[in-house]
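Predicted, not measured: the structure shown is a model, and the values here were computed from it.
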Amino acid sequence: MGCQACTRSVFWQKLGRCQRCIRQLSVLSPLCWVGWFIFYRHQPTTIDAITLFVAASSTTLLLVAHGIRAWQLRSRTAISK
């Protein structure tokens, strides 16, 4: 996806605009957290628990970044209209 207004990297051009990524993260983030809570909350120091915790944290942070960037883009277009 190319952005004519941005001269930054592809990551910044897609952040907040990639609906496929947002949908995937909206499913993966809760699944990871529920899986971690069900299977590993009693043994959080195992390698499996740490790996799932990092995956859950990463998906959540990327989803939040998409949300913040989408909000910024919407507010920017609302101001320019």
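- Tracing side-chain contacts under 4.5 Å through hydrophobic residues (I, L, V, M, F, W, Y), one reaches V34 starting from L52; they form part of the same cluster.
- You'll find the side chain of H66 reaches within 4.5 Å of the side chain of C21, heavy atoms only.
- For residues 21-37, the side-chain hydrogen bond (donor to acceptor under 3.5 Å, both in side chains) pairs, not counting sequence neighbours, are S29-T60, W33-T60.
- Taking each heavy atom of R69 and L15 in turn, the nearest pair found is CG-O, 2.9 Å.
- With a 4.5 Å cut-off between side-chain heavy atoms of Ile, Leu, Val, Met, Phe, Trp and Tyr, the cluster of V27 takes in L31.
- For L63 against I22, the heavy-atom pair with the smallest separation is CD1-O, 4.0 Å.
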Cut-off 3.5 Å, no hydrogens considered: what does the side-chain donor-acceptor table look like for residues 39-49, sequence neighbours left out?
| from | atom 1 | to | atom 2 | distance (Å) |
| --- | --- | --- | --- | --- |
| R41 | NE | F37 | O | 3.2 |
| T46 | OG1 | Q43 | O | 3.4 |
| T46 | OG1 | A49 | N | 3.3 |

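- Rounding to the nearest 0.5 Å places CG of L25 at 9.5 Å from SG of C32.
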